[in-house]
Each structure stands twice: as structure tokens, then as C-alpha cells.
Protein chains: 2
Amino acid sequence: MPDSKETKGRKGDHQNVARAAQVIDIIAASGPNGLRMTDVTERSGLGGSTVHRLLAGLIEHGLIDQDPETNRYLVGLKMVSWTAAALSRYGLAPYADASLERLCAATSDTVYLSYRSGNDAVCVDRREGNFPIKTLTLALGDHRPLGIGAGSLSLLAFQPEDDRRRLLAEDAVRRATYGFDTAYLEEKIAETRERGFSLNDGKLISGMSGLGAPILRRDGTAVAALSIAAISSRLEGERLTELSQMLREEAQTLASRASDVLDAELVKRHSFRKVQT
Amino acid sequence: MPDSKETKGRKGDHQNVARAAQVIDIIAASGPNGLRMTDVTERSGLGGSTVHRLLAGLIEHGLIDQDPETNRYLVGLKMVSWTAAALSRYGLAPYADASLERLCAATSDTVYLSYRSGNDAVCVDRREGNFPIKTLTLALGDHRPLGIGAGSLSLLAFQPEDDRRRLLAEDAVRRATYGFDTAYLEEKIAETRERGFSLNDGKLISGMSGLGAPILRRDGTAVAALSIAAISSRLEGERLTELSQMLREEAQTLASRASDVLDAELVKRHSFRKVQT
DNA sequence: AACAAAACTTCCGTTTATCGGAAAACAAAG
DNA sequence: CTTTGTTTTCCGATAAACGGAAGTTTTGTT
């Protein structure tokens, strides 16, 4: 039998988690009606009995569900509670909702909350304003390389310098697919650091602009970002000034509300002198 | 999970997924600052090197993240995109947001969206109104036995009869911990089916009431529910009539918008016998 | 700043859970 | 009722996970 060498990155590394994740990814990538076992089998390239055993295990632990009507497999709702745990990091969760709501109401545009995860910014929440032209560039769970998009850029700009340098070097190729070269990005980073917020004016999607502000820890690193997206004509002149101001304030409010958790990790590091109030 | 026997030496028992899920559960159950490897080791009862290998695999595939500052483990943000996929089931996702928003704005109380998952109702979204007394009984990902709580009750009431009977028998013990005996619940189910919406008046948490309406497929089974929670004095008399009406309409609107997907699975089944309202 | 203790990572022989082919059970179409 | 396709079970061979112990790094304390 021919060896399927496509998924063979390294040898002997954690086949179990790899396969489970692969199967879930396959199911997640399918539409809202789920997949039959055969579909999973052929898309994964795994043996029939392996897939069967794997699916049984995944179901038993709630990672995937099986529709009782059709016997098709769907991503399990246990992911929802795990996601709730994932979002509770930094302690932002209890306050983020209110911040997004306020910004959304005040601007009528679409507002986003993103977290940094590795080399990416991930969209973890979104609120649509009621301005008739919607700019839904990011969906829940979407991720982009750091630096691409307003929120993502404000995250990158406020990483520690060595980290920033490493990221700039590492991800050049991925960023290129979005039409961002490193020199341009460096310029934008400097601008963002100086102003305290990021502005992305139509470079990514023409006609659409974005505004982003970082959620900072006390040591100045960003762990998350708030951002606003709108058609470019709504992010110019006086309105731009006004909104960027509002956005920055909201980001600071959010950061200070969560500051206990935000800094809890840092406090115990002796490299950090704590400024108690 | 129903596995009570934890000792090693069990045969052929999907150990891989079991352990991965166990580790993620442990991390999810910890606070916003995550856990060190040792914490995971002692809480899981697994060997040190096993946990190490497992964590490495989980990280590689994004199921958990490691805070670069503290090296502590957190639930990974990949869960967010998997959750997005989980919520896309039934095709409700694109419209649910707007429905919740409308209800929330109109009532000023807290509104919830729940899905059925196995024998439980799971809270998958929530919107807080601006009435000063908040009733946040359910958080994202929380689950309750079917029948407990307004949304959950409306889900149960609109399951196929055989299923309902089975659920009533199976979960009696779990429901008892909430103070619901089966006879009472049967009465409430009948009431709910008759009215088309469920009312939970202070039985679960005294002083708090809830109102729930099912999202129905064309065959009459509920796959999800919208619900409103408020202090009891806000769900009485004329306002109760008004809100229940609004809630039912919104649930119907939502169902009809998603109907293509909602019924896609059923269409291909020739066993489409019960077309009732 | 130096030391001790705790935590993390790697190594490697042993064990055992996983693999996948084949065939039985099951379901869907013709 | 037959045919075709899908799901489930079985089983021996083997690759992958296990875990004790040794080595390395981090963390907390004097």
C-alpha cells in the first residue's frame, strides 16, 4: 500500500493529540450539518477503524457531538465551556462585554476584541453597531499574523522590543500574503507607539479603515486589543480624533478594571517593582 | 464523566482522548492565571513525564497555550474557533446575535440562548440588559439538565415524546438536586406545550423568574431556546403577557431565518412523519 | 549574590494501547 | 429481495506511550 507522506512532518511525535485535533479540525471545517464517518475517513486519510475508535472517544468526552437524527458528527458544545475558560485569561472577560457595548453604541460601527496567541492575533468577541454598512472583516476565532489589521497592529506595537524584533523577522512571509512588507510595518509600529493607538487606513481592504488600542499590563506589554472597523469615510478628520480618543480611554478603563489579574503573574517576578496604590 | 474507575490497567479504553480531555478540564477549572506542570501532574494523578509529553502535544496543536512570561498553561484560543464551528450548527449563528440584541434592548433584562446537547441545555450566548438588578444565573458554557430553568424547560417540552419520556426517567436524580421532582416537571411540560413558552417563577432561585421559548424545526422538535431572566416582580401581570409574546415571536423569526439549515437534515430522511405545529 | 529546593526536560528499556486489514452487521437504495 | 454502501467488531503485529530515574533549569531564600 502507498504511504501517505503528506501529513508526515516529524516522526514519533504525539500521534494521539495530532489525530484528535485533525479530526476535530475536519469536522469544524465542514458546514453546519456535520459529517458522516466516511467523510472524516477520506478527508483524514486515516484507516476506517482508527477513525471509528477516535470518534467514539471524542464523543465520550464531549469534544464532538453526534446528531441523533442523522448520526452526523458535529463539534461538541463542551468547546463552549472550554472557550469560556480560555477567555477568562487576563481577567478581562467580566468587563469586556460592557466595554464593547459602550463603544458599539457610541460609534454605531463594528467593534472587536482580540487576544494575542503566539504569533497571531485572535478575534474573541465582536459587536455590530447599527450603521447600515457593516464591516465584518473578522469572525469569532479568526486569526491573523500580528501586525495585520488595526487591533493586531496595536498588539504587535506594544510587545517587548526583543519579541517584536523576533516577530518581524519570523513572519515576513506570512505578512507578505496580505501585502505588508516589513519596512512599512516598522513605520506603522513607530507611529502606533507614538500615538498610543493604531490606524489602518484602507491598506488591508480598500475602502475600509480600522482603529485599534492595546490593553496593557503595567509593564507596558499588550495582551489584548480593542478595535473599531468602518468604511474609510467614517474614520477621518474630526471623527477620527474623537473615536481614537474614546477607544484609548475605553482600553485603559478595561485594563485598569482587570489589573489585578493582568499583573498577578508579574507581581511575583522580582524583575518587577510593584507600584501599589 | 461517568467513568468512576480511574486506576490504570483498564483495557482498550480510548486512553489518549481521555487523558487529553482530563488535562484540559483541569486547566479550564483553574483560575485566569493558569497552572504549572506540577499542578497538572498532581491533580491528574498521572506520571510526570506523561503529563509533560501530553502538554507538549496539546500546545503544538493549539489546544492549550503557555504564557511566555510565567510558563503556566492556559486553555488555548483554538477553542474559540472550534466553538464558532460548534455554534454554527442549525445555522442559527448568523441571526442569533440580532435576536438577542433586540430582546435585550426591548426588555432591559438578561437574555440567553441555549442549545440542547445530550441530556443537557447549554448556555451558548448571553446579553445583559441595562436594568440595574442583573440576573446572571447562567454563564457561557454552563449546562443544566433538561427541564431545569426556563430555556431548558422549553427545550425539554418540545422534544419528541419518546425522547421526553426517556429523559424524564433517566435524569430524575440529577434534577432532584435542584429541587425538581418528576411530577411537578411533567405538569410544567404540559403547561409549556400548551402555551408555547415556559415560565419558571421563582422555583429555582427565589425572587428570580424566567421565560423561555423554543427554536423549533419543522417537525416540531426544539434544538435551541431563547430565554429571559429577571427579578420576579418584572415578570408578572401585563408585562409577562407582553414579554412572552415578544419572546415567542422572536423565537419564530429566528427559526424561520435558519430554517434551511434547521431542516436540511430532516429533508433527506423519508421518515418525516410528524409535521405538526 | 550564592545556595538549596523545586520544577522541568530528556533518556531509554518495557509494556500495552493503537493500528489497520478483513469480515460481520447494518442501513439505504434499486 | 438483491445490491451497494456505510458502520461496527475482531484480532495479531507493531509502533507509540509509559514512567522511573538521571540531568538541567528555574525559583525562592538566606
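All chains are named by letter (A, B, ...) in the order of the sequence lines, taking the proteins before the strands, and each is independently numbered beginning at 1.
- Between the CG atom of A:Leu55 and the P atom of C:dC19 there is a distance of 12 Å, given to the nearest Å.
- Regarding B:Asn71, its CG atom lies at a distance of 11 Å from the C1' atom of D:dT25, rounded to whole Å.
- Within the 3.5 Å criterion, the main-chain N or O of B:Val75 finds a donor-acceptor partner in the side chain of A:Arg89.
- Between the C1' atom of C:dG20 and the CG atom of A:Leu54 lies a distance of 14 Å, rounded to the nearest Å.
- Residue B:Thr50 places no side-chain N or O under 4.0 Å from the OP1 or OP2 atom of D:dA17.
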| message | Before you tell me yes or no, could you show the steps for A:Val122 and A:Asp142 under side chain to side chain contact (heavy atoms under 4.5 Å, CB included), namely the whole-Å CA-CA distance, both residues' side-chain angles and the distance that decides it to 0.1 Å? | response | CA-CA 6 Å; A:Val122 182; A:Asp142 282 356; over 6 Å; no

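- When the side-chain nitrogen and oxygen atoms of B:Asn16 are compared with OP1 and OP2 of C:dT18, one or more of them lie within a distance under 4.0 Å.
- A:Arg19 pairs with exactly one of A:Ile24, A:Val51, A:Thr50 by the side-chain contact (heavy atoms from CB on, under 4.5 Å) rule, that one being A:Thr50.
- Nucleotide C:dC8 holds its C1' atom 14 Å from the CZ atom of B:Arg72, rounded to whole Å.
- The cationic atom of A:Arg193 (NZ for Lys, CZ for Arg) lies less than 6.0 Å from the six-membered ring centre of A:Phe158 and within 45° of the ring axis.
- End-to-end axis angle for the helix from C:dA1-D:dT30 to C:dA23-D:dT8, using five pairs per end and rounding to 10°, comes out at 60°.
- At distances below 3.5 Å, not a single donor-acceptor pair connects side-chain atoms of A:Gln66 with backbone N or O atoms of A:Leu74.
- Note: CG (A:Leu46) to P (D:dA15) measures 17 Å, nearest angstrom.
- With rounding to the nearest 0.5 Å, the separation of CG in B:Leu153 from OG1 in B:Thr192 is 4.0 Å.
- A side-chain contact (heavy atoms from CB on, under 4.5 Å) with A:Tyr115 is found for exactly one of A:Leu87, A:Val223, A:Asp120, A:Leu155, namely A:Leu87.
- Note on A:Arg19: every side-chain N or O is 4.0 Å or more away from OP1 and OP2 of C:dT18.
- Counted by atom type alone, B:Thr83 and A:Thr83 present one or more donor-acceptor pairs between their side chains at under 3.5 Å.
- B:Glu69 places its CD atom 11 Å from the P atom of D:dT27, with the value rounded to the nearest Å.
- For the pair A:Gln22 CD and C:dC19 P, the computed distance is 11 Å after rounding to whole Å.
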Quick test: give all pairs of protein nitrogen or oxygen and nucleotides 9-11 of chain C nitrogen or oxygen below 3.5 Å, distance rounded to 0.1 Å.
| from | atom 1 | to | atom 2 | distance (Å) |
| --- | --- | --- | --- | --- |
| C:dT9 | OP2 | B:His52 | NE2 | 3.1 |
| C:dT9 | O5' | B:His52 | NE2 | 3.2 |

| task | Check the pair B:Arg72, B:Leu35 against side chain to side chain contact (heavy atoms under 4.5 Å, CB included), reporting the backbone distance first and the verdict last. | result | CA-CA 5 Å; B:Arg72 292 172 117 93; B:Leu35 257 43; 5.9 Å; no

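- Applying the 4.0 Å criterion to OP1 and OP2 of D:dC18, one finds that B:Gln15 has a side-chain N or O inside that range.
- What separates CD of A:Glu42 from P of C:dG20 is a distance of 17 Å, to the nearest Å.
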